[in-house]
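One structure is given below, encoded as structure tokens.
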Amino acid sequence: MTDQFTVHIDGWSPGAPIPARFAFGQPGADGPFATSDNLSPAIRWSNAPAGTRSFVILCHDPDVPSSGDDVNQVGKTVPADLPRVDFFHWVLIDLASDCEGLAEGAASRGVTPRGKPTGRTEHGVTGANDYTQWFAGDADMEGTYGSYDGPCPPWNDSIVHHYHFTVYALDVESLAVPDGFSGPDVRRAMEGHILGQASQVGTYSMNPAVVA
């Protein structure tokens, strides 16, 4: 029997709360929000399928409010029954076939106002995460956010958010993606090329009334 393709993150157990050091935001001492350490977690994988020619890392949160009307508004709560959408926190493609993981902090160390570069890195090619859209129009934070930026769910959300760190093993060395590519671009480009995938999930909340 062939060993299963698996992913492991050192910072928390599967399904457990994500420590704040891996988050973009955390509850503040004098208010509901403060920036956090925003470290990318150590991630490693093993038993890749035969024929693997490259890897992709995606981290997404499927629990993001589809409407921002009540988000982070004093006196309001984001309702649990509000439809939710994906938000990509990490988009990294074209990792070499002999890569077995990344060390803690390899993709992010601290919050970088106005973002981080996209493009080729020593590990692979990084796309734009969804903070790029989130901060559009913000005079202090607007920019292109490449590589990893961690959890920062609304501090008034009534539900826990789930963060899926997924590694894909592909049968191609490089994906055909547009400049400034995003998580959905990668998903489309991977169609028909995925030999295997494995995930580890963590939870996070910034609402003191919600247990992550």
Side-chain angles (χ1 to χ4, degrees), residues 2-12 14-15 18 22 24 40-64 66 83-104 106-108 115-134 136 144-151 161-204:
T2 304
D3 289 332
Q4 186 176 5
F5 182 39
T6 57
V7 165
H8 180 78
I9 294 177
D10 294 336
W12 63 89
I18 297 173
F22 301 118
F24 186 102
S40 59
I43 184 170
R44 49 193 168 89
W45 51 90
S46 58
N47 302 316
T52 296
R53 300 180 66 192
S54 70
F55 296 99
V56 163
I57 298 175
L58 293 179
C59 172
H60 80 285
D61 168 12
D63 299 316
V64 170
S66 57
R84 305 289 167 147
V85 297
D86 287 340
F87 187 105
F88 286 88
H89 288 264
W90 199 358
V91 182
L92 182 62
I93 69 171
D94 296 359
L95 287 90
S97 60
D98 60 355
C99 183
E100 297 180 338
L102 299 179
E104 182 175 306
S108 179
K116 298 188 290 292
T118 57
R120 185 160 297 280
T121 71
E122 61 182 299
H123 311 295
V125 180
T126 184
N129 68 53
D130 283 344
Y131 283 104
T132 302
Q133 290 78 33
W134 177 254
T144 299
Y145 284 73
S147 205
Y148 175 84
D149 285 294
H161 286 226
H162 298 77
Y163 298 83
H164 298 251
F165 290 77
T166 305
V167 178
Y168 299 84
L170 306 184
D171 64 1
V172 292
E173 290 184 8
S174 182
L175 281 179
V177 290
D179 292 340
F181 62 90
S182 64
D185 291 328
V186 172
R187 282 182 169 172
R188 286 189 289 269
M190 288 193 297
E191 291 179 4
H193 297 292
I194 299 173
L195 298 175
Q197 66 187 76
S199 301
Q200 181 167 322
V201 179
T203 63
Y204 198 71

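Applying the side chain to side chain donor-acceptor pair (under 3.5 Å) test to T52 and every residue at least two apart in sequence or in another chain returns nothing. Listed by chain and residue number, F88, H164 satisfy the ring-ring contact (aromatic ring centres under 6.0 Å, His included) test with H60 (two or more places apart in sequence, or in another chain).
L92 is listed as a side-chain neighbour of L102, based on a closest heavy-atom distance under 4.5 Å. Between I43 and W90 the shortest side-chain heavy-atom distance falls below 4.5 Å. Looking at heavy atoms from C-beta onward, P151 lies out of side-chain contact with D61 at the 4.5 angstrom threshold. Residues V56 and H193 fail the side-chain proximity criterion, which asks for heavy atoms closer than 4.5 Å. Taking 4.5 Å as the limit, some side-chain heavy atom of L175 sits within range of a side-chain heavy atom of D94.
Using a distance-only test at 3.5 Å, with no hydrogens or angles considered, no donor-acceptor pair links the side chain of W45 to the main chain of Q197. Without hydrogens or angle criteria, S182 side chain to A128 main chain gives no donor-acceptor distance under 3.5 Å.
Ring pair W12/Y204: centre-to-centre distance not below 6.0 Å. Annotation: W134 is not in aromatic contact with F87 [ring centroid separation under 6.0 Å not met]. A ring-centre distance under 6.0 Å is found for F24 and Y131.
Considering CD of Q200 and SG of C59, their distance stands at 11.0 Å, rounded to 0.5 Å. Atom CG of D130 sits about 8.0 Å away from atom NE2 of H89, to the nearest 0.5 Å. The line from CD1 of I57 to OG1 of T166 is 10.0 Å long, rounded to the nearest 0.5 Å. Distance check: M190 CE to S54 OG gives 10.0 Å after rounding to the nearest 0.5 Å. Between the OG atom in S199 and the CZ atom in F165 there is a gap of 10.5 Å [rounded to 0.5 Å]. In this structure, OH on Y168 lies 10.5 Å from CZ on F5, to the nearest 0.5 angstrom.
Each side-chain hydrogen bond (donor to acceptor under 3.5 Å, both in side chains) pair with one or both residues in residues 116-129, not counting sequence neighbours, appears once here: K116-D149, N129-D149.
Between P41 and Y148 the shortest heavy-atom distance is CD-CZ, 3.9 Å. A pairwise comparison of heavy atoms in A176 and A189 identifies O-CB, 3.6 Å as the closest pair. Minimum interatomic distance between S147 and A107 (heavy atoms only, all atoms of both residues): OG-O, 2.9 Å.
For R44 and D10, the salt-bridge test passes: some basic side-chain N is under 4.0 Å from an acidic carboxylate O.
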Review point. Between F22 and I9, is a side-chain contact (heavy atoms from CB on, under 4.5 Å) present by the stated rule, with each step listed?
Key: CA-CA 11 Å; F22 301 118; I9 294 177; over 6 Å; no

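Atom CD of E100 sits in a sparse spot, with 12 or fewer heavy atoms from other residues, nucleotides or ligands closer than 6.0 Å.
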